[in-house]
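A short write-up of the structure that comes next.
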Amino acid sequence: MLTFNFHIYTLEQYTNDIKQYDLETVWSAILDYMLVNNTDEATSVSNRLLKIENFGMLYEYGLAEQNKTNKKNLGQYFTPDDIACLMARWLKSIKGDNVCDVCCGTGNLILAYLKQIEKNEIEHILSGRKIYLYDNDKIALKIARYSIALVYGKKYLNSINTICGDFLDKDIKLPDNAKVISNPPYAKITQIQSNWHITENIITSKDLYSAIFEKIANSGSRAVIITPYSFLGSSKFYPLRKVLNNYNGFIAAFDNVPGNIFNGKKHGIFNSNTANSVRASITVIKNQNDSKGFKISHLIRFKTEEREKLLNNTLLENLISSNMQIVSRQQPCYIKCHRELENAYTLWTSQSNKKLSDLLNPFARETSLHDARETSLLYANNLALYIPNTCRYFTTASVSKLNRTGMITLYAKDKKSFDFLYCLINSSFAYWHWRIFDGGITYPIRLLNELPIFENLLSNDDSEYFSLMCKKMTSAERQYIVTKLNAGAEQENIKFPAEFREQINARFFKILGCTDNPELLRMVHSNAAF
């Protein structure tokens, strides 16, 4: 006979019960107990463990105990309460009669949504069996269903639709006139299943979150989905972006430094995982009849102390561009640009007739400098530029070969190109380009080579200016070397005074005919949202 002392229950007892029985047995007993004893007395201080707001974290803890790698392998990440509320408020603002939580886990998102709506609407959707919960974890699904009933009434326990199984299965469908909230698993597809609708996106991306994202979008439903931001620019997600061309809405993209969307905060009596460093995005699919494409924010950075202020729906929508973006082979990635800098970006890209690779030595590019004689010649001509490929807050080009791993080496085709490239990479423009199209950890050489170049606009005075600025900065490089310990090794970089960068930025704005204040580019380097 199973014996549990839930009236006075501790984390130690919970752990021992999982070891003695199993996770499903323990949770079935907990939920049955709560259904009978969900009173103020039963959830007193002596029993503070068994509170509905703790269920998600408690279940995650149980998963970790049962299988130390299970959580990682499934790509399950608990949605923080403040993010769940943010998403729920957006879901409330869009139309849909049936409310669906896809990959619902223990129900944090659907519970957040129910908290946002009026009592009569809760009654309407619960009594009308209009809530649909989807997950392939039957224990988590049961916790989600019971949690709703425990909060809003035991009479609704059997009025909540639960669909247990692989959401990608052809036989699993969303209801008509649905709106969806979802935090899908972030995991690789190791094997494409025969019972899925096989799409170009699934074949190319081999990513579970992307496949689920696509199925939700193609259902015609309106939705609020939190995922990694990688689908915004990575080439393997281009098929997904093409699918999104058929729909409309907006996307808020978030960096993971210094603040992090999934960063641990205290939930109940637990500390959530602080190691998760996913750069996340929240996509709102509105599916209005009069438009196609998506509006995108810049890659939003925020300090931890700014989190509460930032996670405001109206404020975030004001950070999102008014331009609807449709991807194509000519423009395959979404552009993550600050609204205030869109005019400057348009002037820059529309007037550039070359890309960075056009200013490089073609022989060096083709042979990767395997020819020692040519390498020596280029060194002798001082046409080598060294660029650290990690660029958290700025990019640097130097003539000094720094003591670090992760270095891009460029060889300019002539002295004029060298001076211009040196100034360009030490300006805000190269860094800005990276933030628009990537913003991850490293600067891909492919992306750097595509940097737009407006050499055709340069006057003789401009070329002389860049020559003098280059000479000034190269002579001072050793003066501004900084070191940072990374994985036990010191990594050198050069941190020039911001005034150098801003002088070059101002010259570039003048050349481009941009009358905006070049100091706006400070936003690109800022580690704060406000």
Side-chain angles (χ1 to χ4, degrees), residues 74-77 79 87 90-91 94-105 107 109-110 113 130-138 140-141 144 161-232 234 236-251 278 280-288 292-294 327 334:
L74 290 177
Q76 296 175 336
Y77 292 106
T79 314
M87 294 173 64
W90 270 322
L91 190 70
I94 59 181
K95 296 179 180 179
D97 195 34
N98 295 300
V99 184
C100 307
D101 188 343
V102 172
C103 308
C104 67
L109 288 175
I110 191 67
Y113 174 73
K130 295 179 181 295
I131 289 183
Y132 292 77
L133 306 180
Y134 297 79
D135 208 285
N136 61 2
D137 183 337
K138 65 179 180 179
L141 198 57
N161 301 287
T162 56
I163 300 90
C164 186
D166 179 0
F167 180 72
L168 295 178
D169 191 310
K170 294 175 185 176
D171 293 332
I172 293 182
K173 295 178 171 61
L174 291 165
D176 294 335
N177 194 23
K179 59 181 182 180
V180 178
I181 194 164
S182 181
N183 179 6
Y186 309 163
K188 299 298 179 187
I189 294 173
T190 55
Q191 184 175 355
I192 296 174
Q193 303 299 317
S194 59
N195 60 342
W196 296 354
H197 284 293
I198 310 302
T199 66
E200 182 186 4
N201 171 48
I202 287 176
I203 294 169
T204 304
S205 74
K206 292 186 173 61
D207 201 295
L208 200 55
Y209 92 75
S210 177
I212 293 170
F213 193 151
E214 178 184 30
K215 182 170 180 176
I216 292 172
N218 280 335
S219 72
S221 302
R222 298 168 179 88
V224 182
I225 311 170
I226 185 166
T227 67
Y229 86 141
S230 51
F231 79 94
L232 296 172
S234 175
K236 73 174 184 176
F237 294 107
Y238 178 65
L240 175 62
R241 295 193 290 277
K242 287 196 300 181
V243 168
L244 293 178
N245 282 346
N246 299 316
Y247 308 102
N248 59 75
F250 62 85
I251 303 168
V278 171
S281 62
I282 299 176
T283 302
V284 178
I285 302 176
K286 288 192 169 184
N287 279 346
Q288 296 167 330
K292 298 288 185 184
F294 281 79
V327 302
Y334 289 129

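Residue numbers count from 1 along this sequence.
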| message | Looking at every non-hydrogen atom in both residues, tell me the closest pair between Leu109 and Asn183 and how far apart they are. | response | CD1-N, 3.7 Å
| remark: Nearest heavy-atom approach of Cys164 to Lys138 is SG-CB, 3.7 Å
| What residues form a ring pair (Phe, Tyr, Trp, His ring centres under 6.0 Å) with Tyr134, not counting sequence neighbours? | Phe167
| Student check: side-chain heavy atoms of Pro185 and Cys103 closer than 4.5 Å | yes
| note | dist Leu174:CG -> Cys100:SG (nearest 0.5 Å) comes out at 5.0 Å
| request: For residues Ser281 and Ile251, report the shortest heavy-atom separation together with the two atoms involved. | output: CB-CG2, 4.0 Å
| message | Test of understanding: with side chain to side chain contact (heavy atoms under 4.5 Å, CB included), list the residues that count as partners of Asp176, not counting sequence neighbours. | response | none
| If you measure only the distance, is there a donor-acceptor pair under 3.5 Å linking the side chains of Asp166 and Asn136? | no
| message | Using the side chain to side chain contact (heavy atoms under 4.5 Å, CB included) criterion, which residues pair with Ile203? Sequence neighbours excluded. | response | Ile192, Ile198
| remark: Taking every heavy atom of Cys104 against every heavy atom of Leu141, the minimum-distance pair comes out as SG-CD1, 3.4 Å
| note | Only residue of Ile212, Val102, Leu208 satisfying side chain to side chain contact (heavy atoms under 4.5 Å, CB included) with Pro184 is Ile212
| Atom CG of Asn248 and atom NZ of Lys286: how far apart are they, to the nearest 0.5 Å? | 8.5 Å
| query | For Ile285 and Ile225, what are the C-alpha separation, side-chain angles and deciding distance, and is it a side chain to side chain contact (heavy atoms under 4.5 Å, CB included)? | reply | CA-CA 8 Å; Ile285 302 176; Ile225 311 170; 4.2 Å; yes
| request: Only pairs at least two apart or in different chains count here, so list each ring-ring contact (aromatic ring centres under 6.0 Å, His included) that has a residue in residues 198-221. | output: Tyr209-Phe237, Phe213-Phe231
| Distance (rounded to the nearest 0.5 Å) between Ser194 OG and Asp169 CG | 9.0 Å
| task | List in chain and number order the residues that pass salt bridge (charged side-chain N to carboxylate O under 4.0 Å, His left out) with Lys173, two or more places apart in sequence or in another chain; answer none if no residue qualifies. | result | none
| task | Could you list the residues that satisfy ring pair (Phe, Tyr, Trp, His ring centres under 6.0 Å) with Tyr238, not counting sequence neighbours? | result | none
| task | Taking Gln191 for its side chain and Ile189 for its backbone only, find out whether a donor-acceptor pair lies under 3.5 Å. | result | no
| task | Applying side chain to side chain contact (heavy atoms under 4.5 Å, CB included), run through Leu91 and Lys179 and close with a yes or a no. | result | CA-CA 7 Å; Leu91 190 70; Lys179 59 181 182 180; 4.0 Å; yes
| field | N/O donor-acceptor pair under 3.5 Å between Asn287 side chain and Tyr247 backbone | value | no
| request: Return the minimal non-hydrogen interatomic distance between Gly107 and Asp101, and the atom names on each side. | output: CA-OD2, 4.5 Å
| remark: Across all chains, not counting sequence neighbours, the side chain to side chain contact (heavy atoms under 4.5 Å, CB included) partners of Asn246 are none
| request: Compute the ring centroids of Trp90 and Phe250, then answer whether they are less than 6.0 Å apart. | output: yes
| task | Flag the pair Val99 / Tyr132 as yes when at least one side-chain heavy-atom distance between them is below 4.5 Å, and no otherwise. | result | no
| query | salt bridge (charged side-chain N to carboxylate O under 4.0 Å, His left out) with Lys130: which residues, sequence neighbours excluded? | reply | Asp97
| field | Smallest separation among heavy atoms of Tyr186 and Thr227, with atom names | value | OH-CA, 3.6 Å
| query | Restricting to pairs with a member in residues 214-226, which pass salt bridge (charged side-chain N to carboxylate O under 4.0 Å, His left out), not counting sequence neighbours? | reply | none
| query | Sequence neighbours excluded, which residues qualify as salt bridge (charged side-chain N to carboxylate O under 4.0 Å, His left out) partners of Lys95? | reply | none
| Any side-chain heavy atom of Tyr334 sitting closer than 4.5 Å to one from Arg241? | yes
| query | Any donor and acceptor pair, going by atom type alone, linking the side chain of Ser221 with main-chain N or O of Ala223 inside 3.5 Å? | reply | no
| said: Can you pull out every salt bridge (charged side-chain N to carboxylate O under 4.0 Å, His left out) where at least one residue sits in residues 183-208? Sequence neighbours excluded, please. | reply: Lys188-Asp207, Glu200-Lys242
| Checking side chain to side chain contact (heavy atoms under 4.5 Å, CB included) for the pair Leu133/Ile110: CA distance, chi angles, key distance, verdict? | CA-CA 8 Å; Leu133 306 180; Ile110 191 67; 4.1 Å; yes
| said: Could you check whether any side-chain heavy atom of Asn161 comes within less than 4.5 Å of a side-chain heavy atom of Ile131, counting everything from C-beta outward? | reply: no
| said: Suppose we screen for salt bridge (charged side-chain N to carboxylate O under 4.0 Å, His left out). Which residues come up paired with Lys292, at least two apart in sequence or across chains? | reply: none
| query | Once you round to the nearest 0.5 Å, how far does CD1 of Ile172 lie from CD1 of Ile163? | reply | 7.5 Å
| Are any of the side-chain heavy atoms of Thr199 and Val243 separated by less than 4.5 Å? | no
